[in-house]
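Worksheet: one structure, shown below.
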Number of protein chains: 2
Amino acid sequence: MRDTVGAATGLRERKKERTREALADAAQELFLRKGYDATTIDEIVAAVEVSRRTFFRYFAGKEEVALARAMEFEQLFLSALATRPADEAPLTALRRAGAEVLSEFGDEPDGGTGHEFLRMRRLIEGTPVLMAASLRNAIELERRMAAEIARREGVDPERDRRPALSVTLYHSVMRVAMDEWAEDEVMDTAGLSRIVEAAWDDMATMLNDRWTAGELGRD
Amino acid sequence: MRDTVGAATGLRERKKERTREALADAAQELFLRKGYDATTIDEIVAAVEVSRRTFFRYFAGKEEVALARAMEFEQLFLSALATRPADEAPLTALRRAGAEVLSEFGDEPDGGTGHEFLRMRRLIEGTPVLMAASLRNAIELERRMAAEIARREGVDPERDRRPALSVTLYHSVMRVAMDEWAEDEVMDTAGLSRIVEAAWDDMATMLNDRWTAGELGRD
DNA sequence: GAACGATATGGCACTGTGTGCCAAGTAGCC
DNA sequence: GGCTACTTGGCACACAGTGCCATATCGTTC
């Protein structure tokens, strides 16, 4: 994603993009090595040789730079959703868009972007202020996803709650599945796919107020 | 909830509780009148005549005092869930516990705790840092609720994802329903109940990959 | 290549949040 | 009343975040 910039823009734009990338990379490296709270903005900007003031021209704050990479995946997801076949049911479109993004990773037991992704995820989960900011980003992403589902289905999201419900259901299942999967230390995308499918099966069973598949309702 | 304290404790404990309540009340009054960002900790402690240092002995930070009342409702909810009949299905128990807590409010068009609750909810929704902190609290509440569901169902929440799924499903439906309901300015609990029921119906339809009740699946 | 306008950067001073330390004050107990 | 345990207030500090302005750099035109 980052290597597609600058092909047809000026030096000024290219320098800005390089500064932004350098800040995001330096921040991530420091956060993963020292922890979020123990890393200061002064340390990040020193690593890139720009001023604090410049930092705040690229990022609204310390949290935003920490979540910068995760937000790139959100863009990937929205693009994937927008290009799903128009006649696909909403939940199917969401699930398949998610699978597309996941396939961007390879199985990379101890290297590459997948490993870094897992390490950043653990950092975020373990840092309350980042977890909070990440959740708020997720809410905003849900709103945009719901708008896309509403567009695909030709309904008004302000009047019809089904887009919002489908998106929040999708995120709920994904979050429970990813919490379960991330207990391992390995970027095993096939394993995640299996957990996700099983979680959807459990959810369908549960929504009919049953606890196991095959059980009759009992209230 | 707050008036049950101090009956059998010493003066020191009673003074601490009064200070804590005074800070929470002063903070809420200032946040609702001036906004969260425009209110400083110095203003809150000046209103109660204690020091900044004392403030930080009662609350971990500015966000925590803003969410103090909301977290009291979380305790109410957990208590209500714990006392639901043991043989109730998980989703039914969650829904009925929620209805119990909601009934603590009356329909109070322009006064009382219900009105204050709505105003605080709008403040939180409109303040990114509070929204983020609130969402993180909700995650922690979900974890405790899942533990309670797991206890009721006699399963290990570390091995069985159904407690987590049922809780996150419940929260998802409630959040979509409350977003829809809170567009009004009135504490209409009957209206909320109707929206919640309708949202559950839509969710059940959707989880079977249908968009309307009665529609055959089409993928 | 120089000039000029537009834009980016760095430095500074400032506000506000949050925290550790320690002296002074207060509550509880005997 | 004395002593102990606990609470409070003041202070100095670190850090995040921001507005303002002088200086530097890039892009465009000639």
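To find a chain, count down the sequence lines: A is the first, B the second, and so on, and within it residues start at 1. Being a predicted model, the structure only gives us computed values, none of them experimental.
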Rounded to whole angstrom units, what separation is found between the [atom1] atom of [X] and the [atom2] atom of [N]?
{"X": "B:K62", "N": "C:dG18", "atom1": "NZ", "atom2": "P", "answer": "8 Å"}
{"X": "A:F56", "N": "C:dC14", "atom1": "CZ", "atom2": "P", "answer": "19 Å"}
{"X": "A:L11", "N": "C:dT7", "atom1": "CG", "atom2": "C1'", "answer": "13 Å"}
{"X": "B:I44", "N": "C:dG18", "atom1": "CD1", "atom2": "C1'", "answer": "13 Å"}
{"X": "B:F31", "N": "C:dG16", "atom1": "CZ", "atom2": "P", "answer": "14 Å"}
{"X": "A:L23", "N": "C:dG10", "atom1": "CG", "atom2": "P", "answer": "10 Å"}
{"X": "A:L30", "N": "D:dC15", "atom1": "CG", "atom2": "P", "answer": "14 Å"}
{"X": "B:E63", "N": "D:dA16", "atom1": "CD", "atom2": "C1'", "answer": "13 Å"}

**Prompt:** Are any side-chain N or O atoms of B:W181 and backbone N or O atoms of B:V196, one a donor and one an acceptor, separated by less than 3.5 Å?
**Reply:** no

**Message:** Going by the rule ring pair (Phe, Tyr, Trp, His ring centres under 6.0 Å), which residues pair with A:Y36 if we only count those two or more places apart in sequence or in a different chain?
**Reply:** A:F31

**Asked** When you check the gap from the basic side-chain N to the acidic O, do A:R20 and A:E17 get nearer than 4.0 Å?
**Response** no

**pair A:L141-A:L78: side-chain heavy atoms closer than 4.5 Å** = yes

**Message:** Could you check whether B:Q75 and B:R144, counting side-chain N and O atoms only, form a donor-acceptor pair closer than 3.5 Å?
**Reply:** yes

**Asked** salt bridge (Lys or Arg N to Asp or Glu O under 4.0 Å) between A:E180 and B:R159: does it pass, once the steps are laid out?
**Response** CA-CA 9 Å; A:E180 185 177 325; B:R159 298 174 183 280; over 6 Å; no

**Annotated protein contacts, base or backbone, on nucleotides 2-13 of chain D with a non-hydrogen cut-off under 4.0 Å, one of B, S, - each** = ---BBSBBB---

